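Data first, discussion second: the structure below is written as structure tokens.
In what follows, chains carry the letters A, B, and so on, assigned in the order in which the sequence lines appear, proteins first and then strands, with residues in each chain numbered from 1. Quick caveat, the model's predicted, so the values are computed rather than measured.
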Amino acid sequence: MNYWLMKSEPSVFGIDHLEARGRRGSPWDGVRNYQARNMLRDGMRQGDLAFLYHSSCEEPGITGIMEIASNGRPDPTAFDPEDHHYDPDSDPGNPRWYLVDVRFKRRTRRLIPLDELRRHRILSDMQLLKRGNRLSVMPVSKTHWDYILKLEKKES
DNA sequence: GCCAACGTTGGC
DNA sequence: GCCAACGTTGGC
């Protein structure tokens, strides 16, 4: 089992949207970055767990835990001319973009803000905290995962 | 809204 | 294959 962190803007798709989907879960679509694509396609497996991270908002941080509910599969929005993430150059016979399905597991006990994560030296090599990091999907080591689960239980 | 950092594009 | 121009991300 592997651990991940996935970023989303809460105004677009946040923990409230995810929770409302319940057991149906939701496709994590629209990713158009090759590094992230590789992780969706080749790295993630059904049953993995991921932190949901709220970005570009008043309080950026980790807000919940979701389950990866499928292996990677081609992202149909790439082939839909009506879709905002339509990619006219992608070929349905040889899909370029992938998604996984995700499912709400639980909210974290509290929002764990970005600036708090930065204050813990043990987390300093997390990809999330690296300078200029722009990946929307990234792996989290078990060490970091477990540490953050402990952090969650403390007061900030 | 600013801007640093990074990815992508396309001319050469 | 280089690299300038441009677009996007995301914290602040």
Side-chain angles (χ1 to χ4, degrees), chain A residues 2-21 25-44 48-66 68 72-102 104-105 107-141 143-145 147-152 154-156:
Chain A
N2 289 307
Y3 300 97
W4 307 92
L5 181 144
M6 299 165 88
K7 290 185 198 168
S8 185
E9 300 183 23
S11 59
V12 179
F13 186 87
I15 190 74
D16 293 341
H17 301 95
L18 182 69
E19 184 168 21
R21 297 288 303 168
S26 173
W28 194 271
D29 57 20
V31 173
R32 297 294 180 265
N33 169 284
Y34 286 103
Q35 244 183 297
R37 187 279 310 270
N38 292 344
M39 285 184 273
L40 293 168
R41 189 185 60 185
D42 309 324
M44 299 177 121
D48 287 354
L49 295 175
F51 288 126
L52 176 59
Y53 176 92
H54 280 176
S55 65
S56 293
C57 58
E58 204 161 317
E59 251 196 316
I62 292 171
T63 188
I65 295 175
M66 46 194 189
I68 306 305
R73 58 184 177 89
D75 179 350
T77 66
F79 310 122
D80 176 3
E82 301 299 307
D83 194 277
H84 181 246
H85 297 286
Y86 176 54
D87 178 2
D89 296 330
S90 70
D91 171 11
N94 182 21
R96 176 184 293 175
W97 304 117
Y98 279 69
L99 59 74
V100 295
D101 294 287
V102 296
F104 177 81
K105 197 164 172 67
R107 289 171 188 265
T108 46
R109 289 194 190 183
R110 59 189 180 86
L111 182 125
I112 307 165
L114 177 62
D115 62 352
E116 180 180 346
L117 296 172
R118 286 195 196 285
R119 290 203 298 270
H120 292 264
R121 290 194 63 187
I122 197 171
L123 299 178
S124 62
D125 52 338
M126 275 187 89
Q127 235 170 301
L128 176 73
L129 306 181
K130 295 248 171 84
R131 195 177 63 147
N133 164 67
R134 289 169 43 186
L135 267 186
S136 61
V137 176
M138 65 194 85
V140 174
S141 71
T143 305
H144 291 158
W145 181 272
Y147 188 84
I148 291 168
L149 290 185
K150 276 186 229 156
L151 253 192
E152 176 193 4
K154 296 182 190 161
E155 288 306 309
S156 55

note: A/Met6, atom CE; C/dT9, atom C1'; distance rounded to Å ~ 17 Å
Please report the distance, rounded to the nearest Å, between CG in A/Asn33 and C1' in C/dG7. 13 Å
Is it true that A/Arg73 and A/Asp29 have a side-chain N and a carboxylate O under 4.0 angstrom from each other? no
Between C/dG7 (P) and A/Tyr34 (OH): distance, integer Å: 18 Å
Kindly state which residues belonging to residues 49-57 of chain A come within less than 4.0 angstrom of DNA chain C, counting heavy atoms of the residue only, listed by number. A/Tyr53, A/Ser55, A/Ser56
What integer distance in Å separates A/Asp115:CG from C/dG10:P? 17 Å
Nucleotide of B/dT8, B/dG7, C/dC12 approaching A/Arg118 most closely (side-chain heavy atoms): C/dC12
Report, as yes or no, whether the 6.0 Å neighbourhood of atom NZ on A/Lys130 holds more than 12 heavy atoms from other residues, nucleotides or ligands. yes
Basic-acidic side-chain contact under 4.0 Å: A/Glu116, A/Lys154: no
So does A/Lys7 get a side-chain nitrogen or oxygen closer than 4.0 Å to the phosphate oxygens (OP1/OP2) of C/dG10? yes
What's touching nucleotides 4-6 of chain C from the protein side, N or O pairs under 3.5 Å?
none

Grab the CZ-P distance between A/Arg96 and B/dT8 for me, whole Å please. 11 Å
Residues A/Ser90 and A/Arg32: side-chain donor-acceptor under 3.5 angstrom: no
